[in-house]
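Chain naming here is simple, since letters A, B, ... match the order of the sequence lines and numbering starts at 1 in each.
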2 protein chains.
Amino acid sequence: MTNLPAHHSNDVDDCAFRSFLDRVADKWSLLLIVTLENAPKQRRRFSELKKSVPGISQRMLTTTLRNLERDGLLVRHFFPEIPPRVEYELTTLGKNLMCPIGELVQWIRQNWTTITNARNEFDKNNMAKSTGVKEC
Amino acid sequence: MTNLPAHHSNDVDDCAFRSFLDRVADKWSLLLIVTLENAPKQRRRFSELKKSVPGISQRMLTTTLRNLERDGLLVRHFFPEIPPRVEYELTTLGKNLMCPIGELVQWIRQNWTTITNARNEFDKNNMAKSTGVKEC
DNA sequence: CTGTATCCGTCCCGATACTG
DNA sequence: CAGTATCGGGACGGATACAG
């Protein structure tokens with residue numbers, strides 16, 4: 001079912017693939033896509049997104065939104081009012097991407113306790129060997 | 001079946017979730033998981049992995065493998081021979097994670113031309129405005 | 001072969017100030 | 001409200017040397 005095309009090699013050396021992987025395999029990108037998908041009207045304003053994704057800075061929010069727009073995953077609706085209003089909305093492509101992303105998120109939510117246990121177990125056996133993972 | 005728990009909020013503020021997202025949403029982690037899944041015998045040696053994932057440094061390979069091991073996604077088989085031999089293999093949990101990952105990879109392979117076109121179109125309309133994306 | 005240790009440049013990203 | 005501009009600390013990650 002998940003068979004890859006016949007020409008696919010075992011090595012992961014496709015440049016375009018890796019280029020887009022950099023976009024998709026990005027924490028803020030994923031969180032924003034999920035947040036936009038969950039939006040009531042499928043749209044969210046800049047400030048709403050900032051609230052909905054705790055910890056993201058204004059700079060990162062702007063940058064990530066621009067990159068997602070560049071990749072055709074979302075559209076920016078600009079209303080020249082005063083004060084100005086901007087609404088972000090996933091494109092068809094972006095909503096489409098939500099299928100695999102959603103399954104990934106689902107998987108994480110279902111398995112994170114298992115992983116947390118694995119981490120604790122591992123750390124117990126490798127005491128004081130930092131792995132660079134921040135505690136919350 | 002895929003219903004989320006009732007307490008699930010629209011905001012993405014779950015710490016454990018984000019912690020593991022940092023692991024999964026990592027370029028090298030994803031590439032290594034895919035590579036291990038594609039491995040003939042489901043196992044690969046350190047040097048094989050280094051060849052199969054072009055561009056990864058020895059340091060990043062070691063670090064990423066350790067983190068994946070810590071999260072219980074792969075096991076490290078150490079053979080105390082001379083010279084030493086080490087084989088890496090996905091755990092059940094790791095293979096399980098390949099389902100959503102595989103779909104994501106599949107999606108990227110199917111849609112990257114669309115995205116490339118979107119990028120070119122966007123860049124045409126926003127000339128000289130760098131987006132921090134490296135060319136290949 | 002499979003790492004570990006160290007150095008060090010790059011750039012990510014948060015904080016702050018300012019604009020339309 | 002929704003950004004842009006700028007600065008700076010710190011983490012990321014490559015290169016190299018060395019160890020078991």
Could you go through residues 54-62 of chain B and list every donor-acceptor pair under 3.5 Å that involves a side-chain atom there, pairing it with any protein atom two or more places apart or in another chain?
unit_1	atom_1	unit_2	atom_2	d
B:Ser57	OG	B:Met60	N	3.2
B:Thr62	OG1	B:Gln58	O	3.0

Quiz item: Taking OP1 and OP2 of D:dA2, is either one under 4.0 Å from a side-chain nitrogen or oxygen of A:Ser47?
Solution: yes
Quiz prompt | Residues that B:Gln110 engages under side-chain contact (heavy atoms from CB on, under 4.5 Å), provided they are two or more places apart | solution = B:Gln106
Quiz item: Excluding sequence neighbours, so at least two apart, what forms side-chain contact (heavy atoms from CB on, under 4.5 Å) with B:Glu87?
Solution: B:Lys41, B:Arg43, B:Arg45, B:His77, B:Phe79, B:Arg85
Quiz prompt | Distance, nearest 0.5 Å, that separates CG of A:Leu97 from CG of A:Asp71 | solution = 10.0 Å
Practice problem: Using atom types as modelled and distance alone, determine if a side-chain donor or acceptor of A:Asn96 lies under 3.5 Å from a backbone N or O of A:Thr92. | Solution: no
Quiz item: Which whole-number value in Å describes the distance from A:Ile56 CD1 to D:dG3 C1'?
Solution: 14 Å
Self-check item: Gap between atoms CG and P, on B:Leu61 and C:dT4 respectively (whole Å)
Solution: 11 Å
Practice problem: When you get a sec, tell me which of D:dG14, C:dT2, C:dG14 is the closest nucleotide to the side chain of B:Met60? | Solution: D:dG14
Exercise. Using salt bridge (Lys or Arg N to Asp or Glu O under 4.0 Å) as the criterion, list what pairs up with A:Glu48, not counting sequence neighbours.
Key: none
Quiz item: Just by distance, with hydrogens left out, do B:Ser52 and B:Arg44 show a side-chain donor and acceptor under 3.5 Å apart?
Solution: yes
Quiz item: Can you name the residues that form a side-chain contact (heavy atoms from CB on, under 4.5 Å) with A:Arg76, not counting sequence neighbours?
Solution: A:Arg66, A:Glu69, A:Phe78, A:Val86, A:Tyr88
Self-check item: B:Ser29: side-chain hydrogen bond (donor to acceptor under 3.5 Å, both in side chains) partners, not counting sequence neighbours
Solution: B:Asp26
Quiz item: Just how far, in rounded Å, is C1' of D:dG3 from CZ of A:Arg85?
Solution: 16 Å
Filtered N/O pairs between nucleotides 4-7 of chain D and protein, under 3.5 Å:
unit_1	atom_1	unit_2	atom_2	d
D:dT4	O4	A:Gln58	OE1	3.3
D:dT6	O4	A:Arg59	NH1	3.4

Quiz item: Between B:Tyr88 (OH) and C:dC1 (P), how many Å, whole number?
Solution: 14 Å
Quiz item: Can you check the A:Arg45 CZ to D:dG3 C1' distance for me, whole Å?
Solution: 13 Å
Practice problem: Whole angstrom is fine here: how far is it from CG in A:Leu65 over to P in D:dC1? | Solution: 16 Å
Exercise. Taking side-chain contact (heavy atoms from CB on, under 4.5 Å) as the test, write out the residues that go with B:Ala25, two or more places apart.
Key: A:Leu30, B:Leu21
Quiz item: End-to-end bend of the helix from C:dC1-D:dG20 to C:dG20-D:dC1 (five-pair axes, 10° rounding)?
Solution: 50°
Exercise. Provide, to the nearest angstrom, the distance between the NZ atom belonging to A:Lys51 and the C1' atom belonging to D:dA2.
Key: 15 Å
Practice problem: Would you please name every residue forming a side-chain hydrogen bond (donor to acceptor under 3.5 Å, both in side chains) with A:Asn117, sequence neighbours left out? | Solution: none
Quiz item: Rounded to the Å, how far apart are B:Glu69 CD and C:dT2 P?
Solution: 15 Å
Quiz item: Near DNA chain D, under 4.0 Å by heavy atom, which residues of residues 75-84 of chain A?
Solution: A:Arg76, A:Pro83, A:Pro84
